[in-house]
Structure formats: structure tokens, C-alpha cells
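Presented below is the structure to which this report refers.
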Amino acid sequence: MIKKWHFYSSLTVIVAFLSVGFKPFTLEISPWFLTDKNTEEVYLFPSEKQEDYVSLNIPFTGKRLNGFKEALALKESQGHYRKVNSLGYMGKYQFGSETLRTVGVKNDSKFLQNPALQEKAFIALLSQNKWLLRKEIAKYEGKMIGDVMVTESGILAAAHLGGPGSVKRFFRNGGKRNFRDAYGTSISSYMRKFGGYDISFIEADSKATVSKI
């Protein structure tokens, strides 16, 4: 009788063990959306709206080339490709006709209607200015001029506003001669506002044009 009881007890333990061993595996998966329990709002990602990502560390809000481009464009034109200001400067990055010719754009109207061409023109101009200001970048980057910490991106932003010649004069005079555009914006303010971006991706090229981008 004892042997029989021992046999059934052992069998019960074995069956219980096997049942636990074959228990279905449940994988907890986070949902694709987050719900605010207080407001019942649903936030869905990915989103086609750039403004949904303003607090996320992604390229167009970061400190790299895309961040630099978008920040400068916001200041220049609020990011509008077809904007023409009162002085005739055009597009997202506010190019003048003379500057457009230096990067190989011959038709202002087509330029204004072509976002891709505007982006190429901006990169080409950055490349040209980086070449023209290569000595200033090497000499002054990381130094304080007045109340401005000089960086490569700040120098190139200032050159976009006032031209490389104005930036050279700024450094030659220790920051005391501060060029301002027709609206009163100074190159030192651009140097400060747009400093600290990593735009090392841009190659210095004195002959950069839209056809090479």
C-alpha cells in the first residue's frame, strides 16, 4: 500500500513539473503609442509632422549639419522656399542673384521654385566660404573674440549673412568692426547664435557649384 502511494505521489510531482515546464511563454510588447491617462490623448509615432519631434534627439534638431541648416533657414526665411524679402533676397536661405551666379545658378525664377536646387546652392556656398575662410577657421576656432566663442559653424553663418570679406575684417579688427546687414543684424550675433554645430561634413572647395553637389 505504501509503495503504491509513493508511486502515485511521485507521478503527481512529475506531471506538475512537466506542466510548469511547458507553460506558454508570454512576451510583453510595448504599444506603438503612448496614452496620457489624465487627458486621454494618444501620441502616435512615427509621425509625418516634424513638430511632433521637437523634444527628440534626431538630426534636424541636433547640432549637426541638418540642425545648422534648419536653424539658419528659420532665421533667414522662417524656412519658406518661396520667400522673397524687401531687398530681393530669395528662398529658404535668402540668396541674392549675384551669389547665386557664383554657385552656378543662372535662373532666379527656377531657383525660387526648386527646393532641391536651393539646398544644393546652400551646400555649395558653404563649401566656397569654408575655403575662403579656412585660415580664419584654423586660427580663431575655439577662441573668444569679444563676447563670442568662435566656432566653424558660427564663422560660416556669419559669412552667409555678410559675406566672407566682412568676416575677415571682423577678425582683423579683433571684433571691433561688426558688420550689420540692412535690417541691423550683426555678423557677431550670427556667429554666436549659430556656433557649435558640427559641419565637418562640408568640404572646403573654391569651385563648388550646384552641379557638383
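In this text the structure is predicted, and so the values were computed from the model without any measurement.
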Within the distance-only criterion (no hydrogens, no angle test), does the side chain of [X] pair as donor or acceptor with the backbone N or O of [Y] below 3.5 angstrom?
X      : Y      : value
Lys168 : Leu132 : yes
Asn114 : Lys110 : no
Arg101 : Val105 : yes
Gln118 : Phe111 : yes
Lys92  : Lys69  : no
Gln94  : Lys75  : no
Lys143 : Lys139 : yes

When hydrophobic residues are tied together by side-chain contacts of less than 4.5 Å, even through go-betweens, does [X] share a cluster with [Y]?
X      : Y      : value
Phe194 : Ile145 : yes
Trp131 : Ile199 : no
Ile123 : Leu112 : yes
Leu161 : Ile202 : yes
Leu100 : Val84  : yes

Parallel, tilted or perpendicular: which describes the rings of Tyr93 and His160, with under 30° parallel and over 60° perpendicular?
perpendicular
Neighbour count >12 (heavy atoms, 6.0 Å) for atom CD, Gln78:
yes
State whether the number of non-hydrogen atoms from other residues, nucleotides or ligands found under 6.0 Å of Tyr89 atom OH is greater than 12.
no
How about Glu119 and Tyr81: do any of their side-chain heavy atoms sit closer than 4.5 Å?
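Glu119 reaches Tyr81 side chain to side chain.
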Looking at [X] and [Y], what are the two nearest heavy atoms and their distance?
X      : Y      : answer
Tyr197 : Gly62  : CE2-O, 3.6 Å
Met191 : Ile155 : CG-N, 4.1 Å
Phe179 : Asp181 : CE2-N, 3.9 Å
Asp147 : Met144 : C-CE, 3.6 Å
Phe170 : Ser188 : CE1-CB, 4.0 Å
Leu125 : Val103 : N-CG1, 3.9 Å

Say you draw a straight line from [atom1] of [X] to [atom2] of [Y]; how long is it, rounded to the nearest 0.5 Å?
X      : Y      : atom1 : atom2 : result
Thr151 : Tyr140 : OG1   : OH    : 15.0 Å
Asn129 : Ile137 : CG    : CD1   : 9.0 Å
Glu136 : Arg172 : CD    : CZ    : 8.0 Å
Asp108 : Gln113 : CG    : CD    : 11.5 Å
Ser127 : Phe201 : OG    : CZ    : 9.0 Å

Can you tell whether the side chains of Glu203 and Lys130 come within less than 4.0 Å, N to carboxylate O?
no
Less than 4.0 Å between a side-chain N and a carboxylate O, is that true for Arg134 and Glu152?
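No.
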Answer with yes or no whether the side chains of Ser86 and Tyr183 bring together a donor and an acceptor at under 3.5 Å.
yes
Decide side-chain hydrogen bond (donor to acceptor under 3.5 Å, both in side chains) for Arg192 and Ser189; before the verdict, give the C-alpha distance in whole Å, the side-chain angles of both, and the deciding distance to 0.1 Å.
CA-CA 5 Å; Arg192 185 186 305 106; Ser189 69; 5.7 Å; no
Would Leu65 and Leu126 satisfy side-chain contact (heavy atoms from CB on, under 4.5 Å), going step by step from the backbone distance to the final call?
CA-CA 11 Å; Leu65 177 61; Leu126 283 180; 4.3 Å; yes
